[in-house]
Number of protein chains: 2
Amino acid sequence: MKRRKTRSTPFAILGMLTIAPMSGYDMKQVIEQSIAHFWSESYGQIYPTLKRLATAGQVTRKVERNSGKPDRQVYAINAKGREALTKWLSIPAQTEPVRNEFLLKLFFGAHLPSEEITERLQEFRTRHAQSVATYKATEAQLRREHANNPNLPYWMMTLNFGRHRSQAIVDWADETTRTLQKMKSPRAAAVGNKKR
Amino acid sequence: MKRRKTRSTPFAILGMLTIAPMSGYDMKQVIEQSIAHFWSESYGQIYPTLKRLATAGQVTRKVERNSGKPDRQVYAINAKGREALTKWLSIPAQTEPVRNEFLLKLFFGAHLPSEEITERLQEFRTRHAQSVATYKATEAQLRREHANNPNLPYWMMTLNFGRHRSQAIVDWADETTRTLQKMKSPRAAAVGNKKR
DNA sequence: AAATGCATGTAACGCGTTACATGATTTT
DNA sequence: AAAATCATGTAACGCGTTACATGCATTT
């Protein structure tokens with residue numbers, strides 16, 4: 001009677017097909033250019049899942065023959081698929097267990113020289129500062145290229161989420177860098193000052 | 001020659017043992033009270049891993065016999081274990097693939113009534129607002145109870161991280177709620193106003 | 001000549017969660 | 001009387017990634 005994981009992969013794939021019919025190969029690229037900042041799928045998931053969805057009658061498959069290039073198996077979502085997707089969408093998302101290796105290492109930071117921590121922190125900050133820039137650029141691009149797309153508001157919301165979060169992390173990193181500086185400076189050692 | 005995942009579980013466990021020697025059972029509780037906001041381990045991982053670490057000579061095991069209660073297998077980290085941990089800590093954390101079901105559902109929000117989205121968003125906001133409160137409380141508690149612990153600064157950093165991130169999410173949720181309100185109000189439909 | 005892109009798929013592997021098994025003691 | 005806590009462990013299962021296999025066309 002325990003809660004079982006709602007394997008979300010088939011629904012992620014159904015969702016992608018509501019944007020446009022596409023092949024497994026396409027889908028990998030589209031995912032990387034749209035939801036990569038909060039979702040990922042590998043070919044090893046995509047191809048078998050598309051097949052299973054076709055068997056379940058939630059998507060239809062059409063073979064596109066191309067001269068030279070391999071055949072493309074193009075999938076499209078149907079009414080049954082849309083129904084299944086909508087049903088799943090209306091179930092509140094359960095919070096999945098978080099695992100952040102960076103924080104884990106920071107938690108045990110006392111076992112490393114603080115210069116090294118500072119370095120890692122800077123790398124981390126840089127990554128997220130770049131993310132903020134990317135989010136902004138993508139927002140502008142989407143507004144231009146999909147102005148009348150009914151999905152646009154929701155796409156913007158997820159981008160906005162990423163931007164807010166990354167910006168918060170940048171701010172935290174700067175604050176933490178200052179903390180580390182203070183820890184290194186002699187003033188901070190006022191209490192336990194045994195040497196000198 | 002491809003990058004393989006650095007299974008971090010054994011190192012998380014070694015790290016926990018630097019705080020204090022403990023049993024597998026203890027460790028589960030300690031993890032839940034300390035790093036749960038960015039890390040989790042199940043018994044199914046902890047027990048076998050402790051055994052393997054003992055075989056590898058990175059931890060030592062002592063049996064504590066108790067009247068009535070079952071024996072406790074208490075593990076402690078040794079020099080070899082510390083070495084392995086430090087080595088792992090100095091490797092920059094690779095960014096693991098993110099998967100956020102909430103954002104995935106929001107991304108496909110156009111398929112749901114916007115009232116439902118608003119509801120989910122509010123639940124989400126509440127969860128993170130509570131997190132912020134918990135982070136603050138935990139920070140105060142740690143400052144009191146572990147004032148002279150050399151790990152304290154690093155523990156605070158991870159808590160701070162969580163607080164910043166959750167606060168950013170709360171802010172984003174409020175902003176997004178306003179966006180949803182505007183979408184519902186008739187003014188916003190100015191462009192595509194076909195009916196009426 | 002070698003690498004990259006297009007395109008589909010399977011097999012192997014690893015990690016992690018959940019369920020199950022056991023059993024005494026303490027709390028509700 | 002039932003449920004929760006203490007305590008350890010294994011087995012089964014599922015999901016997801018990575019590696020492998022194939023092969024033509026195009027780009028470097």
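Below, read A as the first sequence line, B as the second, and so on, with proteins coming before strands; counting in each chain starts at 1.
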List for me each residue that meets salt bridge (Lys or Arg N to Asp or Glu O under 4.0 Å) alongside A:R65, sequence neighbours excluded, and say none if there are none.
A:D71
Hey, does the side chain of B:R99 come within less than 4.0 Å of D:dG16's phosphate (OP1/OP2), counting only N and O?
yes
A:R61 has a side chain; which of C:dC15, C:dG9, D:dT8 sits nearest to it?
C:dG9
Ignoring hydrogens, what is the shortest heavy-atom contact between B:T118 and B:L180? Give both atom names and the distance.
OG1-CD1, 3.8 Å
Does A:K51 place a side-chain N or O at less than 4.0 Å from the phosphate oxygens OP1/OP2 of C:dT10?
yes
Residue set satisfying side chain to side chain donor-acceptor pair (under 3.5 Å) with A:S34, at least two apart, ordered chain then number -> none
Closest non-hydrogen contact found for A:A84 with A:F11 is O-CE2, 3.7 Å
Evaluate the side-chain proximity of A:F161 to B:F107: yes if any heavy-atom separation is below 4.5 Å, no if none is.
no
Separation of atom CG in A:D71 from atom C1' in C:dA7, rounded to whole Å
9 Å
Kindly calculate the angle separating the two end axes of the helix from C:dA1-D:dT28 to C:dT28-D:dA1, each obtained from five base pairs, and round it to 10 degrees.
40°
Using atom CD of A:Q73 as one end and atom P of C:dC6 as the other, report the distance to the nearest whole Å.
17 Å
Tell me the interatomic distance from A:R7, atom CZ, to C:dT17, atom C1', rounded to whole angstroms.
12 Å
Separation of C:dT10 P from A:L50 CG (nearest whole Å)
12 Å
B:R65 CZ to C:dA24 P: how many Å, rounded?
18 Å
Out of C:dG9, C:dG16, D:dG9, whichever nucleotide has its closest atom nearest the side chain of B:T9:
C:dG16
Nearest-nucleotide comparison on DNA chain D, the residue closer to the 5′ end among A:P70 and B:P48:
B:P48
Contact check, residues 17-45 of chain A vs DNA chain D, heavy-atom distance under 4.0 Å, returns A:S40, A:S42, A:G44, A:Q45
Starting at atom OH of A:Y47, determine the distance to atom C1' of C:dT8, rounded to an integer number of angstrom.
5 Å
Whole-Å distance separating the NZ atom of B:K62 from the P atom of D:dA7
18 Å
Among Ile, Leu, Val, Met, Phe, Trp and Tyr joined by side-chain contacts under 4.5 Å, find the other residues sharing a cluster with B:Y25 and list them by chain and number.
B:Y43, B:Y47
Rounded to the nearest Å, what distance is computed from the CD1 atom of residue B:I46 to the C1' atom of nucleotide D:dA7?
13 Å
Is any side-chain N of the basic residue among B:K105 and B:E101 closer than 4.0 Å to the acidic one's carboxylate O?
yes
Between A:E32 and A:K28, does at least one N-O distance fall below 4.0 Å, as a salt bridge requires?
yes
Quick one: list whatever passes salt bridge (Lys or Arg N to Asp or Glu O under 4.0 Å) with B:E123, sequence neighbours left out.
B:R120
